[in-house]
2 protein chains.
Amino acid sequence: MNIPKYTKTDFETMFLTKKAKKMEIKTLQVAQQVIDDVRQNGQQAVEKYVKQFDGQVPESWIVTDEERQQARETVSDDLIQALEKAAQNIRSFHSKQLQHSRLMTTSEEVIAGQLFRPIEKVGLYVPGGTATYPSTVLMNAIPAMIAGVKEIVMTTPAKNGGSISPILCIAADIAGVQTIYKVGGIQAIAALAYGTEIITPVNKIVGPGNAYVAAAKKLVYGDVGIDMIAGPSEVAIIADETAHPKYVAADLIAQAEHDTQARAILLSTSNALIEAVQQEIDHQCTVLPRKDIAAQSLEEQGALVQVDSIEEAFSLVNQLAPEHLEIQCKEPLTLLGKVQNAGSVFLGSYTPEPIGDYFAGPNHVLPTQGNAKYSSGLSVDDFIKKTSFLYYSQNALREAAPYVDQIAKEEHLEGHARAVSVRLQDNDSCSKTSD
Amino acid sequence: MNIPKYTKTDFETMFLTKKAKKMEIKTLQVAQQVIDDVRQNGQQAVEKYVKQFDGQVPESWIVTDEERQQARETVSDDLIQALEKAAQNIRSFHSKQLQHSRLMTTSEEVIAGQLFRPIEKVGLYVPGGTATYPSTVLMNAIPAMIAGVKEIVMTTPAKNGGSISPILCIAADIAGVQTIYKVGGIQAIAALAYGTEIITPVNKIVGPGNAYVAAAKKLVYGDVGIDMIAGPSEVAIIADETAHPKYVAADLIAQAEHDTQARAILLSTSNALIEAVQQEIDHQCTVLPRKDIAAQSLEEQGALVQVDSIEEAFSLVNQLAPEHLEIQCKEPLTLLGKVQNAGSVFLGSYTPEPIGDYFAGPNHVLPTQGNAKYSSGLSVDDFIKKTSFLYYSQNALREAAPYVDQIAKEEHLEGHARAVSVRLQDNDSCSKTSD
């Protein structure tokens with residue numbers, strides 16, 4: 001396998017030049033058409049598209065309590081325990097993010113603050129396809145639950161004769177999802193955004209999906225909130241001569257096996273390490289079930305970059321703003337301060353990225369394609385709304401009045417100035433309609 | 001003037017039914033064309049569009065230090081003092097929002113946390129037009145500065161022979177804006193997103209603008225962050241029989257004078273109040289400079305709604321999720337808990353909304369058109385990125401391994417499982433390329 005080796009300059013040209021992330025107009029048009037139809041014709045339209053795209057309409061659109069109970073019988077106790085343990089870690093990490101309403105009294109006569117409220121209803125989209133992703137359910141629903149979201153619903157395409165994967169049912173139970181709908185694709189996003197006879201509309205939609213689902217989310221954004229539009233998964237590994245080539249190689253492969261567009265990049269001060277990693281990848285890939293995907297990803301999207309110093313590696317990585325950043329260097333924690341732009345950071349030789357994908361607690365829904373320069377991974381904050389509030393006494397208003405008057409008049413908004421002055425200019429502050 | 005009176009049911013039908021907020025396709029197309037041109041041809045394209053849309057190309061694209069110093073001489077001391085006082089309040093309110101990186105050690109062998117980092121470069125768009133809005137500069141730039149953003153630039157169309165309003169220069173100085181560009185419109189957004197020979201690209205764009213600016217922001221979103229796409233301004237006032245009709249009327253008018261699409265709504269338990277407010281509006285409007293705008297807004301977008309109880313008023317308002325909510329009731333602070341969805345709340349008879357627009361401290365960049373159901377007003381958080389980090393010891397990894405293995409295999413990602421097991425299966429954990 002030939003993973004390209006780049007110089008710093010080549011790497012900058014190929015990976016750090018800003019490229020527009022445009023969505024296919026055709027995909028957007030298809031999505032808009034389905035959305036409009038679902039808005040207009042409700043569940044009947046949903047049924048039509050489920051038949052058209054998935055081939056089969058489930059007997060019931062909602063997973064029944066019986067189905068959810070039966071799921072427990074078909075999944076191994078070990079797997080259930082693993083999910084429960086993971087959920088516990090995710091809950092523990094995210095519960096520390098919960099903030100509370102703030103009251104700030106800035107003077108005797110003014111009360112100000114921020115009211116923190118959970119979003120009322122959240123919808124989680126879980127893709128179908130060959131594999132199922134219980135970790136998606138945990139990572140999206142648990143932060144919503146900790147935020148205090150009252151209603152969390154989930155929607156996923158049915159398969160195998162109208163059923164959904166039992167492991168998704170179990171993950172939904174563990175994470176506190178109340179209702180599971182058997183709908184996938186654009187029609188699921190449209191139904192969550194606008195509601196149908198069966199599906200209650202939500203205020204925010206989260207969760208991954210294919211290009212059509214992403215286009216649908218982009219189109220309904222504004223009518224509901226969305227989490228983010230995620231691109232292919234990425235890892236950048238900064239490693240010095242103390243790193244283990246075996247571990248580095250395994251981590252690059254783990255990233256590359258996601259899909260052929262996934263991106264795995266190593267930046268190292270050690271040419272010996274780079275060469276050893278290249279050999280290790282060849283060696284480890286031979287036994288991998290998804291070796292073809294990983295190989296294509298590494299050859300087309302991967303990069304091995306030799307840098308002059310760790311500082312140079314961080315400079316490049318901060319411009320790349322990768323979804324995942326591993327630091328496999330001597331005393332990795334001392335390097336944390338150098339991280340400027342990254343979704344999530346994994347420190348040291350024994351913190352492989354997959355431990356974060358599933359288990360450790362930090363969220364795996366992270367900004368890709370350089371978006372870590374301005375945005376963050378999913379957290380409890382994404383399910384909280386902050387409403388500022390303000391109380392002024394008449395005295396406080398009197399003191400503020402001349403200043404407000406100056407600015408309002410400068411902005412040609414006389415009515416704004418009058419809303420203040422009307423409260424101060426007369427002595428009838430006690431006369432009310434009830435008098 | 002005839003402001004429509006609605007029953008609860010009519011109000012629900014007319015104001016609370018979900019309407020899709022679609023952007024004009026034509027506006028998007030125009031915006032895309034200009035953006036593509038600026039991406040390809042840089043400042044030359046910017047110049048072409050400035051000439052085309054604004055008529056005149058400024059001598060220098062960047063406001064000079066001299067221009068910024070001269071601004072002080074043309075603006076009254078009172079106005080400068082008003083802006084400085086407002087900035088002080090805004091700084092005080094927002095500085096209480098600043099959070100710090102968190103370290104959570106969940107066991108002896110695991111270190112986890114969130115690194116909080118400011119966005120590096122932020123661009124602020126300030127619209128031109130007949131009036132200038134220094135408050136826009138303060139409200140957008142101060143939270144960025146408090147967050148620690150290193151570079152804050154601003155762009156606004158030049159007028160009057162290539163100059164920009166002195167008051168905007170002064171607001172920029174007060175708020176900590178380093179560079180001011182004399183460019184407006186779509187070309188300004190494109191230049192901020194992708195950079196030109198003159199304009200440095202930024203990571204996030206904030207600030208209001210017309211439909212073209214909004215379309216441009218929507219299109220560059222993903223390549224850079226944006227704040228929000230704001231709709232027409234709104235106020236809902238919940239008032240009981242203790243409210244002053246004069247004050248309520250003044251506040252409805254202040255909202256309505258923004259533009260003909262602005263929305264001002266009164267919900268009251270008192271029919272006497274509603275009638276007195278209606279008379280007051282007629283009376284107060286006669287002397288208002290922008291009375292035609294206010295009258296059209298109130299007649300077409302306004303509503304007076306009599307409700308049976310304060311609870312009913314809150315139920316309607318929480319479904320509306322207005323940008324601004326005034327509570328002019330007896331003991332207004334005791335009603336704060338009833339607020340579920342609103343951008344910003346103004347409590348009591350002496351807290352008119354304009355005091356928040358300019359002066360008090362809370363941000364005036366707020367979600368409109370029901371978006372307060374899932375989003376919040378601008379805050380320091382909008383300029384902060386949260387990067388999670390994780391450190392596992394080999395022991396911690398060993399304990400976690402069986403669980404990660406279970407989930408990875410369920411998700412058909414064998415390479416993920418191996419990234420863990422490769423670190424545990426052999427005794428060569430000390431062999432490194434440097435050995």
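Residue numbering restarts at 1 for every chain, and letters A, B, ... go by the order of the sequence lines. Values below: every heavy atom of this structure, side chains too, minus hydrogens, waters and symmetry copies.
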Turns out that what part of B/Lys85 lies under 4.5 Å from chain A's heavy atoms comes down to side chain

Check each atom of B/Ala86 against the heavy atoms of chain A and say whether the ones under 4.5 Å are side chain, backbone, both or neither.
side chain

Which bit of B/Asn395 is near chain A, if near means a heavy-atom gap under 4.5 Å: side chain, backbone, both or neither?
neither

Can you confirm whether B/Gln114 sits close enough to A/Phe93 that some side-chain heavy atom of one is under 4.5 Å from a side-chain heavy atom of the other?
yes

Proximity breakdown for B/Leu79 and chain A, heavy-atom pairs closer than 4.5 Å
both

Do A/Tyr392 and B/Phe346 come close enough that some side-chain heavy atom pair is under 4.5 Å?
no

Do the non-hydrogen side-chain atoms of A/Tyr194 and A/Pro201 ever get within less than 4.5 Å of each other?
no

Going by heavy atoms in the side chains, are A/Val339 and B/Leu115 under 4.5 Å from each other?
yes

Side chains of A/Gln255 and A/Asp251: is there a donor and an acceptor less than 3.5 Å apart?
no

Which portion of B/Gln99 sits near chain A, non-hydrogen atoms under 4.5 angstrom:
side chain

Bottom line for A/Val110: the part with an atom under 4.5 Å from chain B's heavy atoms is neither

Is the ring pair B/Tyr221/A/Tyr221 parallel, tilted or perpendicular, if the boundaries are 30 and 60 degrees?
parallel

Which region of B/Ser349, side chain (C-beta onward) or backbone (N, CA, C, O), has a non-hydrogen atom less than 4.5 Å from a non-hydrogen atom of chain A, or is it both or neither?
backbone

With side chains defined as the heavy atoms from C-beta onward, is the minimum distance between B/Arg418 and A/Gln284 less than 4.5 Å?
no

So what's closer than 4.5 Å to chain A heavy atoms on B/Ser393: side chain, backbone, both or neither?
backbone

Under 4.5 Å to a heavy atom of chain A? For B/Ser92 that would be side chain

Against chain A, label B/Ala294 side chain, backbone, both or neither, depending on which of its atoms sit under 4.5 Å from a heavy atom there.
neither

Tell me, side chain or backbone of B/Ile35 under 4.5 Å from chain A's heavy atoms, or both, or neither?
neither

Identify which part of B/Val75 has an atom lying under 4.5 Å from any heavy atom of chain A, answering side chain, backbone, both or neither.
neither

What part of B/Val277 lies closer than 4.5 angstrom to a heavy atom of chain A: side chain, backbone, both or neither?
neither

Please assess B/Ile119 against B/Lys385 for the test side chain to side chain contact (heavy atoms under 4.5 Å, CB included), listing each intermediate value before the final yes or no.
CA-CA 6 Å; B/Ile119 291 174; B/Lys385 304 166 291 103; 3.9 Å; yes

Below 4.5 Å from any heavy atom of chain A, which atoms of B/Leu325 appear? Answer side chain, backbone, both or neither.
neither

Chain B contact via A/Asp357 - which portion, at a heavy-atom distance below 4.5 Å
side chain

Do B/Arg423 and B/Leu397 have side-chain heavy atoms sitting under 4.5 Å apart?
yes

A/Ala82: what forms a side chain to side chain contact (heavy atoms under 4.5 Å, CB included) with it, not counting sequence neighbours?
B/Tyr403, B/Gln406, B/Ile407

